[in-house]
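Reading through the structure tokens given below for one structure.
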Amino acid sequence: QVQLVESGGGLVQAGGSLRLSCAAPGSIFSIYAMGWYRQAPGKQRELVAVISRGGITNYAESVKDRFTISRDNAKNTMSLQMNNLKPEDTAVYYCNAGGYSRSGSYSPHSNYWGQGTQVTVSS
């Protein structure tokens with residue numbers, strides 16, 4: 001079992017910014033795409049952003065133009081820069097490693113999840 005570790009969550013007012021980070025074993029960053037998920041109370045876990053090994057990114061429509069996903073393979077880290085935060089962004093955020101299906105959808109690896117970091121946006 002491989003553990004990814006998130007950090008950077010916290011409490012912020014609407015319109016503010018946070019930057020989340022994810023650390024993982026170095027071998028993951030040379031093999032897998034990486035993604036961020038979030039889950040709010042009573043809601044299904046949602047894919048927020050994905051970055052391929054080559055740096056190609058995809059975003060959920062709800063965060064497009066506000067969030068930016070990036071990766072630094074030399075430092076074995078991945079980040080999610082979140083700007084202009086809204087109350088509906090409140091959730092526990094998880095990092096994950098995975099791959100792509102033939103249709104192009106992201107598929108998370110079942111063993112490569114972080115423990116989650118809480119993001120709370122007040123109005």
- Message: Show, in sequence, the C-alpha distance, side-chain angles and deciding distance for Gln13 and Leu85, and conclude whether the side chain to side chain contact (heavy atoms under 4.5 Å, CB included) test is met.
- Response: CA-CA 8 Å; Gln13 289 184 308; Leu85 283 160; over 6 Å; no

- Query: Does the side chain of Met82 come within less than 4.5 Å of Leu20's, by heavy atoms?
  - Reply: yes

- Query: Under a 4.5 Å cut-off applied to non-hydrogen side-chain atoms, are Val121 and Lys86 in contact?
  - Reply: no

- Please confirm whether the backbone N or O of Ala33 pairs with a side-chain atom of Arg71, one donor and one acceptor, at under 3.5 Å? no

- Message: Show the nearest heavy-atom pair for residues Phe29 and Ala24, with the distance to one decimal.
- Response: CE1-CB, 3.5 Å

- Task: Working to the nearest 0.5 Å, report the span between CG of Asn73 and NZ of Lys75.
- Result: 12.5 Å

- Message: To the nearest 0.5 Å, what is the distance between OH on Tyr94 and CD on Gln115?
- Response: 9.0 Å

- Hey, could you give me each pair passing ring-ring contact (aromatic ring centres under 6.0 Å, His included) that has a residue in residues 30-72? Not counting sequence neighbours. Tyr32-His109, Tyr32-Tyr112, Tyr37-Trp113

- Message: Nearest 0.5 angstrom please: Ser79 OG to Met34 CE, how far?
- Response: 10.5 Å

- Using a 4.5 Å cut-off on heavy atoms from C-beta on, say whether the side chain of Pro87 contacts that of Ser123. yes

- Message: Nearest 0.5 Å, please: how far is CD in Gln3 from CG in Asn111?
- Response: 9.5 Å

- Kindly indicate whether the side chain of Met78, heavy atoms from C-beta on, has any atom under 4.5 Å from the side chain of Cys95. yes

- Report yes if some heavy atom in the side chain of Tyr93 is under 4.5 Å from a heavy atom in the side chain of Glu6; otherwise report no. no

- Is Leu4 close to Cys22 at the side-chain level, that is, under 4.5 Å between some pair of heavy atoms? yes

- Roughly how far, to the nearest 0.5 Å, is CZ of Arg38 from OG1 of Thr117? 14.0 Å

- Task: Can you measure from OG1 (Thr77) to CG (Asp72) and round to the nearest 0.5 angstrom?
- Result: 5.0 Å

- If every non-hydrogen atom of Val12 is compared with every non-hydrogen atom of Ser17, which pair is closest and at what distance? CG2-N, 3.9 Å

- Message: Please determine whether the number of non-hydrogen atoms from other residues, nucleotides or ligands lying under 6.0 Å from atom CZ of Arg45 exceeds 12.
- Response: yes

- Query: Shared ILVMFWY cluster between Val50 and Ile56, side chains joined below 4.5 angstrom?
  - Reply: no

